[in-house]
Protein chains: 2
Amino acid sequence: MKDKATSFDIAYLAGVSQSTVSRALRNSPQVNNETRERVHAIAKQLNYKVDKNASNLRKQRSSTLALLLFEDPTSDESLINPFFLSMLGSITRACAKRSQDLLVSFQQLSDDWHADYEDSNKADGIILLGYGDYVDYEEKLEKLLAQQTHFVCWGAEVHNHPEFTIRSNNREGGRLAGEHLLAHGYKNFAFVGNASEHSPEFFERYQGFTDALLAAGIQPDDIAQCDAISTENAGDNAIRQIMQQGKPIDAVFCASDIIAIGVMRALHQLGHKIPADIAVMGFDDIPVASFATPTLSTIQQDTSLAGEMLVDNLLRLINNEAIVSTHIQPKLIVRQSC
Amino acid sequence: MKDKATSFDIAYLAGVSQSTVSRALRNSPQVNNETRERVHAIAKQLNYKVDKNASNLRKQRSSTLALLLFEDPTSDESLINPFFLSMLGSITRACAKRSQDLLVSFQQLSDDWHADYEDSNKADGIILLGYGDYVDYEEKLEKLLAQQTHFVCWGAEVHNHPEFTIRSNNREGGRLAGEHLLAHGYKNFAFVGNASEHSPEFFERYQGFTDALLAAGIQPDDIAQCDAISTENAGDNAIRQIMQQGKPIDAVFCASDIIAIGVMRALHQLGHKIPADIAVMGFDDIPVASFATPTLSTIQQDTSLAGEMLVDNLLRLINNEAIVSTHIQPKLIVRQSC
DNA sequence: CTGAAAGCGCTTACAG
DNA sequence: CTGAAAGCGCTTACAG
């Protein structure tokens, strides 16, 4: 049990050459059935496993993908946005299905991702997951492009290269939220979340939202808006600023569920009833959304599909196959908050 | 940019041997300062990174740890318990600090973890994280012991080998909860969660809870108890069963926060006010605990410290250094639910 | 269908 | 302080 068996040990016991063992173990069609089975039997008996490092070194391929999670230094201590955790789960599952190992790490904007993963042969490609200021982020993406790194990212579009991004149709999601609130008869709207190129996903949600309201004759200027990054506290602060302006508000669409949780908390403390006085909608459908009181209506992102597509597309890139830009259809989830 | 530089390229440019390059890059003290700096400069210029596979193969060490998350097949679809996600975050950070890569995967009880990670040289050791039925689980742990796998686990004790486990002092945590509820004057108690060797952590929390109540003259038999695994629905079902028995209950201690969320939902639906009619406490202090309405009083586990200790102990094991059994002190967090 | 041989890119005794 | 050489354990042309 102590000394690891090598392919030479198996070759000796099976009475064949080491090359044949290697072929047999990878089920090469060139190898005789009987030989193959004998080799497999002995390998099993010896608890033999191909040495990944030797195999990778020879093949110049690691069968490993790296997942880089953006750790937002401004967000609540050690709290990863639950939405990303859900993505992490689906990506882990997708990798396992495709016999890929998954290296997980937090991104530092300062790192050279290409060097850290591809140059060192730790991983064949990189999956980028995370918010943060997109304007800062874009530079890094451009660099990855220039270095011909194999990478895909969630949400944010790489300039002129939409094919590297998997994301929800955020604009459509914003539209769904707007239409739903309109159908309920709400008239005075607010949007909480960044609405600029610094947060492209939030911006698209905002645009879809205003599209819907505009179609009902409501001008964007009549929609209260306040920036917020995706944390509970940012949502709390933002809605207090909006309420202080004294404009009547009866429905708030939040750029993420975490923001919505903070918004609901603040409205509650300010003495407003949800949804009787003010309706609230979120975006993501994280677990907390159905635990909140009242339960939160939201736009669901299909994280399971997203994980599969990210991994599939990355593997295609690594294999030099063509990929296409993809938008995942968001889904309206109606609960108590509106 | 396309062809990766090797240590030979650097050697050529620096006018030294490849061995010297290797030494210089690892900052070996045997190497001349000036030579070292020249080598580093050229390496940087070429975007050189040591090939991990070659290096690992030669060193027979991967500087990689594997994190196996137990995926409970009975729990809500694709929902990892938020507590584990928080552990995942702290473990990721702890690994980064110690220059270890982290391979993440879901455990299958059927797999041969030793073979999958250590025999293949993918990882130097394994961190086990997860609930599930401990009686099934224990067999696997015994096998890992027999194979001399380098591993540590969270929560569950390995028979006769407490040193491989990092965990909270669950009994102490249960006691804190019991004493806190007693101090509030509650008299009729319930415990929701498995209380048997199938779930050692929950069992210890139960024991600490009964210790505290016994000290106040309340017999364990007078404490209502109903099994529940760590899901919202299990908590919901369990508390309904307890309430149906018709005994008066004014305080419920739940074995985990997720259970407590389900308990609060059910009590709310049954028309009970929390905490006016019935107080509720959880265990873990997951983010949801402070988002719930009312916010949930709970016993906090220090996941940040836990992650550090798991990684530290595993690295010690890998280096054949001594390790000691460790209990992390839990902390009472008082919120609105009691 | 099988074997002998080269080589992936490092690290580390060994010799000087 | 430096260099020449061996070898980690595989995969894969090449030859038969």
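Numbered from 1 within each chain, the chains take letters A, B, ... in sequence-line order.
Counting to the nearest Å, the C1' atom of C/dC10 and the CG atom of A/Asp119 are 15 Å from each other. As rounded to whole Å, 17 Å separates atom P of D/dC8 from atom NZ of B/Lys59. If you measure from atom NZ of B/Lys4 to atom P of C/dG7, you get 20 Å, rounded to the nearest angstrom. Between B/Arg23 atom CZ and D/dA4 atom C1' there is a gap of 10 Å when expressed in whole angstrom units. Distance A/Tyr12 OH to C/dA4 C1': 19 Å, rounded to the nearest Å. Here the P atom of nucleotide C/dA5 and the CZ atom of A/Phe8 are 12 Å apart, to the nearest Å. Following rounding to the nearest Å, B/Asp9 (CG) and C/dG9 (P) show an atom-to-atom distance of 9 Å. For the pair A/Lys49 NZ and D/dC10 C1', the interatomic distance rounds to 16 Å; values are reported in whole Å.
Distances shorter than 4.0 Å separate some side-chain N or O of A/Ser7 from OP1 or OP2 on D/dC10. A close approach under 4.0 Å does occur between a side-chain nitrogen or oxygen of A/Gln60 and OP1 or OP2 of C/dG9. Regarding contacts with the backbone of D/dT12, a side-chain N or O of A/Arg26 is found under 4.0 angstrom from either OP1 or OP2. At C/dG3, one or more side-chain N or O atoms of A/Ser17 fall inside 4.0 Å of OP1 or OP2 (strictly under the cut-off). Residue A/Thr20 places no side-chain N or O under 4.0 Å from the OP1 or OP2 atom of C/dC1. Listed pair A/Ser19 / D/dT12 fails the phosphate criterion, with no side-chain N or O lying under 4.0 Å from OP1 or OP2.
Checking B/Val31 against A/Ser55, the closest nucleotide of DNA chain D that is more toward the 5' end is the one next to B/Val31. Nearest-nucleotide positions on DNA chain C place A/Gln18 closer to the 5' end than the other of A/Gln18 and B/Asn53. Looking at which nucleotide of DNA chain C each of A/Asn32 and B/Ser22 is closest to, the 5′-most match is held by A/Asn32.
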Go through it in stages, so that I can follow the logic: the residues are A/Asp101 and A/Lys52, the test is salt bridge (charged side-chain N to carboxylate O under 4.0 Å, His left out), and I'd like the CA-CA distance, side-chain angles, deciding distance and then a yes or no. CA-CA 11 Å; A/Asp101 286 317; A/Lys52 249 252 170 180; 3.3 Å; yes
Go through the steps for A/Phe164 and A/Leu145 under the test side chain to side chain contact (heavy atoms under 4.5 Å, CB included), then give the verdict. CA-CA 10 Å; A/Phe164 295 129; A/Leu145 271 180; 3.2 Å; yes
Show the numbers, then the answer: is there a salt bridge (charged side-chain N to carboxylate O under 4.0 Å, His left out) between A/Lys122 and A/Asp116? CA-CA 8 Å; A/Lys122 280 186 197 176; A/Asp116 288 347; over 6 Å; no
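With the 3.5 Å cutoff on both pairing distances, Watson-Crick and G-U pairs in DNA chain C assemble into runs of at least 3 at C:1-3 with D:14-16, C:5-12 with D:5-12, C:14-16 with D:1-3.
Proximity of B/Tyr134 to B/Leu141: side-chain heavy atoms (C-beta onward) are separated by under 4.5 Å at one or more points.
Of all nucleotides listed (D/dG9, D/dT2, C/dT2), D/dT2 comes nearest to the side chain of B/Gln30.
More than 12 heavy atoms of other residues, nucleotides or ligands sit less than 6.0 Å from atom CD of A/Glu321. The number of heavy-atom neighbours closer than 6.0 Å to CD of A/Glu139, taken from other residues, nucleotides and ligands shown, is 12 or below.
Rounding to the nearest 0.5 Å gives a distance of 9.5 Å between OG of B/Ser86 and CD of B/Gln301.
The existence of a salt bridge linking B/Lys49 and A/Asp112 is excluded, since no basic side-chain nitrogen approaches an acidic carboxylate oxygen closer than 4.0 Å.
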